[in-house]
Protein chains: 2
Amino acid sequence: MPGTVTSVFLDACRRRPVPWTPVWFMRQAGRSLPEYRALRREGSILDVIRHPELAAEITLQPVRRYGVDAAILYSDIVAPVAAVGFGIDVVPGVGPVAEQPFTRPADLARLRELEPPEDLPWVAETVRLLVGELEVPLIGFAGAPFTVASYLVEGRPSRDHLRTKALMYEDPATWHALVDRLAAIAVASLQSQLEAGAAAVQVFDSWVGALDPDDYRRHVLPATARIFSALQDWGAPMILFGVGAGGLLDAFAETGADVIGVDWRVPLDVARARLGPAPALQGNLDPAVCAAGWEPTAAKARDVLDRVGGAPGHVFNLGHGVLPGTDPAVLERLVELVHEETRERGETGGPGVPGGTPA
Amino acid sequence: MPGTVTSVFLDACRRRPVPWTPVWFMRQAGRSLPEYRALRREGSILDVIRHPELAAEITLQPVRRYGVDAAILYSDIVAPVAAVGFGIDVVPGVGPVAEQPFTRPADLARLRELEPPEDLPWVAETVRLLVGELEVPLIGFAGAPFTVASYLVEGRPSRDHLRTKALMYEDPATWHALVDRLAAIAVASLQSQLEAGAAAVQVFDSWVGALDPDDYRRHVLPATARIFSALQDWGAPMILFGVGAGGLLDAFAETGADVIGVDWRVPLDVARARLGPAPALQGNLDPAVCAAGWEPTAAKARDVLDRVGGAPGHVFNLGHGVLPGTDPAVLERLVELVHEETRERGETGGPGVPGGTPA
């Protein structure tokens, strides 16, 4: 049942004292793992996740190999909009591609309500399989309204998000209807993952760093906040993450998220000073450092931990997803380093980290 | 002679009172202008700029059309490294491409000292032609060591700058030799532009926002600061600009630059609060807003001006280069708006903007 799993990861999200700093990696399942490449079928991830045993196995691979403190469901942020029939697929090597992008109010009709589990029966089934297997919490996830909207409007991954911004500025009524609908879809999807046993959720607003804080507050924050407010009663920790979103951190803290994911561009002590004692912080080692090898990874990881200084409310993660060329051995040692360094800190009575029993 | 040109733009860079807020646009010359598309030959910009009259004409086009307060030389940041024979070209639609990227210490030999004007005679000649024609200051420019290094190391435009960071972390001695050499090349190039009559310089560190502040200070700031320190005695305003570099603003202020270019992700009042009264600020309207049309452009431009509040030390610009699809009429009206709104402010005795005579 949601909310009943106790773990180091969940405690850290709730800013409770923990026996070591929990760690997981965005995109920990995937191309960087040889066992993934051996298993993964050709074609779109949206087809792969229709096979719950396969998706569960891919989700479990990094947990086994790395000993991370949380699993994250193997799925994709456009799965729900694909399931309601918008017409979008994930093209390997490219990303989400919509043959007919969202261009006008009539396209709202292509985004009916998501009705889980019927619309995505395999997702709930995968979650159930995982919860039976896992000894660490499972993180469910959804795309945030801005980032999903950007895929629907651009029709493919974009650098400048020109069409998305144009819609936002030129037709704010349609824009707000769009992000409201995407928020409702995210809520339905996350609810079904929580019902099936996910213990926490992460909302990925990967590309929202393209906005200035004023536009974020006006055009994006209300819909995003609605997701967290709808899910609050589950009591499951809720994480919000964006890349290059340092200018939006204060606004992120107004969404109701319990944990803010920070990329490497803002050191965690700077983020903490800006945000005050709440919320918890997740991050923030540059994945490019891991791709560069063990020595720089160890040095940077220690720097991240030093900047947190043993204060409660830290989940160690990368500042963005694992890069495909990363040596899994580096991530394996990284998990050990984070666990060992912070366990020692606990044993020597470091601040906020009293001794405790591993979950 | 450098330093003797008086103008609204130069005064604003020096944080002196100005009769109106000066405005120019990064990439104001180029694909957004029909007169440019009519004139521009096929092929690499590195070939086009070998023709001083053509390069001068392209530089002048936006000055005539928009009535901007400064011109910026039509050239490319990889022109100097191409001139010393590194082996790099600018492929239309792609960007800088090096057939043999920089991979090892021996590649330093491919970056001999730049000896202007012999190495780039056409650049000095273009500057001289322009200075004879222009009634506003000409801004010379160079690429900053990190951004030029990223093109040499990656071999082409990159999203993650993985190889660049790997070199920086794995072989810091070679990295520092590389950025030192690129700093010397930038200094030589900028000196020759100043000698020929440029009245200000901008150093583009477009991609340095990929770094965290600690790496920036350790691996990039010293070489960048050396550029500004070498040019200080010219008395020409020196601008430093990066995209998505909000986390580096404090470090930018330590480089010795007189003006910091800020993209739209950090509102100018926030930037000013972070940096104190010095340096001057340049920016920061999102170019995507201009691409979306006049109404959003006017609203956002007023917001930028409001956040500055008439304080001295503001050069109006976009937060990044003009996007190719931008309607030139929007930029034309934008220049008018900035001039009119800030002239009125001066006339009604707004703060820091006493009446004055147009230059």
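The shown structure was predicted, so the numbers you read here are calculated from the model rather than taken from an experiment. Any value given below was found using the heavy atoms of this structure, including those in side chains, with hydrogens, waters and symmetry copies removed. Residue numbers begin at 1 in each chain, while the letters A, B, ... track the order of the sequences.
B:V335 places a side-chain heavy atom less than 4.5 Å from the side chain of B:F25.
Look at B:K165 and B:D215 and you find no salt bridge, because none of the NZ, NE, NH1 or NH2 atoms lies under 4.0 Å from a carboxylate O. Under the 4.0 Å criterion applied to side-chain N and carboxylate O atoms, B:D303 and B:R307 are assigned as salt-bridge partners.
Taking OG1 from A:T255 and CD1 from A:I260, the interatomic distance works out to 5.0 Å, rounded to the nearest 0.5 Å. Residue A:H161 holds its NE2 atom at 10.5 Å from CG of B:D286, rounded to the nearest 0.5 Å.
A perpendicular orientation is assigned to the rings of A:W207 and A:H320, their planes being inclined by more than 60° (bins at 30° and 60°).
Only the side chain of B:R159 comes within contact range of chain A, judged by heavy atoms closer than 4.5 Å. Contact of B:V270 with chain A is not made at all, since no heavy-atom distance falls under 4.5 Å.
Note: B:A288 leads B:G247, B:A288, B:G293 in heavy-atom pairs under 4.5 Å with chain A. Here B:A210 is the residue among B:A210, B:A291, B:A166 with the most heavy-atom pairs under 4.5 Å with chain A.
Of residues 168-179 of chain B, those residues with a non-hydrogen atom less than 4.5 Å from any non-hydrogen atom of chain A are, in numerical order, B:Y169, B:E170.
The main-chain N or O of B:R31 is found under 3.5 Å from a side-chain atom of B:R37 such that the two form a donor-acceptor pair.
Taking all atoms of both residues into account, the shortest heavy-atom contact from B:T326 to B:L323 is OG1-O, 2.6 Å.
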